[in-house]
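First up is the structure itself, then whatever we jot down about it.
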Amino acid sequence: MTKRMLITGGAGFLGSHLCERLLQEDNEILCLDNFYTGSRDNISHLLGNSRFELIEHDIINPIYPEVDQIYNLACPASPVHYQYNPIKTIKTNVMGAINVLGIAKRTKATVLQASTSEIYGDPEVHPQNESYWGRVNPIGIRSCYDEGKRAAECLMMDYRRQNGVNAKIVRIFNTYGPRMAINDGRVVSNFIVQALQGKDITIYGDGSHTRSFCYVDDLVDGLIRMMDSPDDFYGPVNLGNPGEFTISELSELIIKLTNSVSKIVFEPLPADDPTQRKPDITLAGEKLGWMPKVELEKGLTGTIQYFKNLISRLAKIT
Ligand code: NAD
Ligand code: UDP
């Protein structure tokens, strides 16, 4: 049966891939976005589909659609973007969660919250599993996002317990791929764009920090599996690729794959930047049968091609 799905943040990086995938599966998609960090370009190829509807709306304000499922992705994800207007970031997380939970309560829709590895803060447990409560600075420059996402998790669970809403939570670890914004500021897109343009590659700190990078197609598969999982499994569940790399290793790999002449430069590490991050995905394997498949080198190759095409398109316009 065709399902009607609301994707908040649907014109963003992850949201646009999710809309595309869910449309292939015959669903009706309401893509809601205020274009804060997302773009029409990301979803322009979907606009001609009669099962796709674009709603320009800010999720901090209530909205009353009739839906069966809600993927709540609306929120800037890059540290540069979420710190640009931190008050707006926390409003989007908290008021956005309240508004989608209101829709879910009224329509009996299932809601899936896109939470984050950031709720673990700078972790003392490695790899991070779902039972770890985290080490977050509540008053730092990342807290608008970290605490916003923690409050959203709290709201999901309270609406579940108090109102019987079928709310589920995934904790997403660093994900990359085509359609990250060129000015996104996250490490993968920054390094690729710098390498392709022959500009200095900016490593913050000494390059020893680690992250685990998941390709977007794997992540989208995990989101859908979680939404469709039996209702007695509501998470939180980690979704990410456990392959762990230092930021120096990532820079070297990107220089190699782009044949770049760029130099590496070291810049100060931003405050509260987590030292290490790697998901324990045992639970996702057991409950969802999910396991990422795309190796970093392969995923980066596709992403590099995307940015190459984008940069040459932009060069023709200007
Ligand atoms: P993104 O910035 O590309 O997408 C976010 C989308 O939300 C954008 O289209 C933006 O315009 C929209 N948006 C922001 N505020 C809004 C508001 N108030 N009302 C309506 N729309 C709004 O980021 P992304 O990487 O696609 O991330 C999507 C979600 O996944 C976010 O919630 C993010 O926190 C979460 N997440 C992503 C990652 C990752 O590595 N990509 C990791 C952890 C969590
Ligand atoms: N980083 C970097 N250079 C950049 C952008 C990011 O060295 O140009 C580092 C950043 O300090 C962090 C890691 O790369 O240690 C991942 O940063 P990102 O912004 O992608 O995501 P985060 O996991 O910190 O939210």
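When reading the values below, keep in mind they use all heavy atoms of this one structure, side chains included, and skip hydrogens, waters and symmetry mates. Order of listing sets the numbers, starting from 1, for every ligand and every atom in it.
- Within the 4.0 Å heavy-atom cutoff, Ser78 does not count among the residues contacting ligand 2.
- Taking the charged nitrogens against the carboxylate oxygens, Lys256 and Glu252 have no contact shorter than 4.0 Å, which rules out a salt bridge.
- Geometrically, ligand 1 and Asp58 share a nitrogen or oxygen pair separated by less than 3.5 Å.
- When non-hydrogen atoms are compared, ligand 2 lies under 4.0 Å from the backbone of Val187 as well as from its side chain.
- Using modelled atom types, one finds no donor on one side chain facing an acceptor on the other under 3.5 Å when comparing Gln128 with Ser117.
- Contacts between Phe35 and ligand 1, counted as non-hydrogen atom pairs separated by less than 4.0 Å, involve the backbone only.
- Taking only nitrogen or oxygen atoms, main chain and side chain alike, Arg186 does not reach within less than 3.5 Å of ligand 2.
- Of all the atoms in ligand 1, the ones that sit under 4.0 Å from a non-hydrogen atom of Gly38 are 8 (C), 9 (O), 10 (C), 11 (O).
- Under a 4.0 angstrom heavy-atom cut-off, His57 registers as being in contact with ligand 1.
- A heavy-atom separation below 4.0 Å is found between Tyr145 and ligand 1.
- Below 4.0 Å from some heavy atom of His209 lie the following atoms of ligand 2, by number and element: 15 (O).
- Note: Arg51 CZ to Gln24 CD = 10.0 Å, rounded to the nearest 0.5 Å.
- Using a 4.0 Å cut-off to heavy atoms of Thr202, the atoms of ligand 2 that qualify are 2 (C), 3 (N), 4 (C), 7 (O), 8 (O).
- Taking only nitrogen or oxygen atoms, main chain and side chain alike, Thr92 reaches within less than 3.5 Å of ligand 1.
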Original post:
Hey, mind stepping through Asp206 and Ser208 against side-chain hydrogen bond (donor to acceptor under 3.5 Å, both in side chains) and telling me if it holds?
Top reply: CA-CA 6 Å; Asp206 63 5; Ser208 63; 2.6 Å; yes
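- No more than 12 heavy atoms of other residues, nucleotides or ligands lie within 6.0 Å of CD in Glu295, so this atom counts as exposed by the packing criterion.
- When hydrogens are left out, the protein atom nearest atom 38 (C) of ligand 1 is Ile172 CG2, 3.8 Å; that is the closest non-hydrogen contact.
- By the 3.5 Å distance cut-off applied to N or O atoms, Leu32 is not counted among the residues near ligand 1.
- Between Gly12 and ligand 1, a contact under 3.5 Å exists for at least one N or O pair.
- Annotation: Ile60 places no N or O atom under 3.5 Å from an N or O atom of ligand 1; distance criterion only.
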**OP:** Show the numbers, then the answer: is there a side-chain hydrogen bond (donor to acceptor under 3.5 Å, both in side chains) between Asp26 and Thr2?
**Re:** CA-CA 6 Å; Asp26 241 30; Thr2 304; 4.9 Å; no
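- At least one heavy atom of Ala11 sits closer than 4.0 Å to an atom of ligand 1.
- For the atom pair Lys88 NZ and Met95 CE, the distance stands at 8.5 Å (nearest 0.5 Å).
- For Lys149, the heavy-atom gap to ligand 1 drops under 4.0 angstrom.
- Under the 30°/60° scheme for interplanar angles, the aromatic rings of Tyr120 and Phe173 are found to be tilted.
- Nearest to atom 44 (C) of ligand 1 among the protein's heavy atoms is Ser115 O, 3.4 Å.
- No side-chain donor from either of Ser115 and Arg171 sits under 3.5 Å from a side-chain acceptor of the other.
- Using a 4.0 Å cut-off to heavy atoms of Asn174, the atoms of ligand 1 that qualify are 40 (O).
- The shortest heavy-atom distance from Glu267 to ligand 2 is not under 4.0 Å.
- The shortest N or O to N or O distance between Pro274 and ligand 2 is not under 3.5 Å.
- Contact annotation for Val80 and ligand 2: no heavy atom of the residue comes within less than 4.0 Å of the ligand.
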Original post:
How far apart are the C-alpha atoms of Ser212 and Asn241, what are their side-chain angles, what is the distance that settles it, and do they pass the side-chain hydrogen bond (donor to acceptor under 3.5 Å, both in side chains) test?
Top reply: CA-CA 6 Å; Ser212 302; Asn241 190 317; over 6 Å; no
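- Considering each of Cys214, Gly240, Ala114, the one bringing a non-hydrogen atom nearest atom 35 (C) of ligand 1 is Ala114.
- In this model, a donor atom of one side chain and an acceptor atom of the other lie less than 3.5 Å apart for Glu244 and Thr210.
- Among all protein heavy atoms, the one lying closest to atom 5 (C) of ligand 1 is Cys75 O, 3.2 Å.
- In the hydrophobic cluster analysis, where Ile, Leu, Val, Met, Phe, Trp and Tyr join through side-chain heavy atoms closer than 4.5 angstrom, Met227 is grouped apart from Ile169.
- Using modelled atom types, one finds a donor on one side chain and an acceptor on the other under 3.5 Å when comparing Asn174 with Arg277.
- For Ser117, no heavy-atom contact with ligand 1 is shorter than 4.0 Å.
- Remark: minimum distance from atom 19 (N) of ligand 1 to any protein heavy atom is reached at Ile59 N, 3.0 Å.
- By the rule that hydrophobic residues join a cluster once side-chain heavy atoms approach within less than 4.5 Å of another member, Leu101 and Leu223 end up as members of separate clusters.
- Nearest protein heavy-atom neighbour of atom 11 (O) of ligand 1: Asp33 OD1, 2.5 Å.
- When each of Asp68, Asp228, Asp231, Asn166 is checked for a side-chain hydrogen bond (donor to acceptor under 3.5 Å, both in side chains) with Thr110, only Asn166 meets the rule.
- Ligand 1 has no nitrogen or oxygen under 3.5 angstrom from a nitrogen or oxygen of Thr116.
- If you check the side chains of Ser229 and Lys168, you find a donor sitting under 3.5 Å from an acceptor.
- Between Tyr36 and ligand 1, an N or O atom pair is found at a separation short of 3.5 Å.
- Between Glu118 and Arg142 there is a salt bridge, since at least one side-chain N of the basic residue sits less than 4.0 Å from a carboxylate O of the acidic one.
- Taking any N or O of Tyr204, backbone or side chain, at least one lies under 3.5 Å from an N or O belonging to ligand 2.
- The CG atom of Leu14 sits 6.0 Å away from atom CG of Leu73, with the distance rounded to the nearest 0.5 Å.
- Salt bridge Glu56/Arg40: present, at least one basic N to carboxylate O contact under 4.0 Å.
- Put simply, no part of Gly10 is less than 4.0 Å from ligand 1, judged by heavy atoms.
- Nearest protein neighbour of atom 23 (O) of ligand 1, counting heavy atoms only, is Ala77 CB, 3.4 Å.
- Looking at Gln305 and Asn309, their side chains do bring a donor and an acceptor atom within 3.5 Å of each other.
- Summary of contacts: the protein heavy atom closest to atom 22 (C) of ligand 1 is Asn34 OD1, 3.0 Å.
- Salt bridge Asp200/Lys263: present, at least one basic N to carboxylate O contact under 4.0 Å.
- Counting only heavy atoms of the protein, atom 41 (N) of ligand 1 lies nearest to Arg186 NH1, 3.0 Å.
- Between atom 6 (C) of ligand 1 and the options Gly9, Ser39, Gly96, the minimum heavy-atom separation is to Gly9.
- For atom 25 (O) of ligand 2, the nearest non-hydrogen atom from the set His81, Arg142, Arg211, Gln194 belongs to Arg142.
- Around atom 8 (C) of ligand 1, the closest heavy atom drawn from Asn93, Thr37, Leu14 belongs to Thr37.
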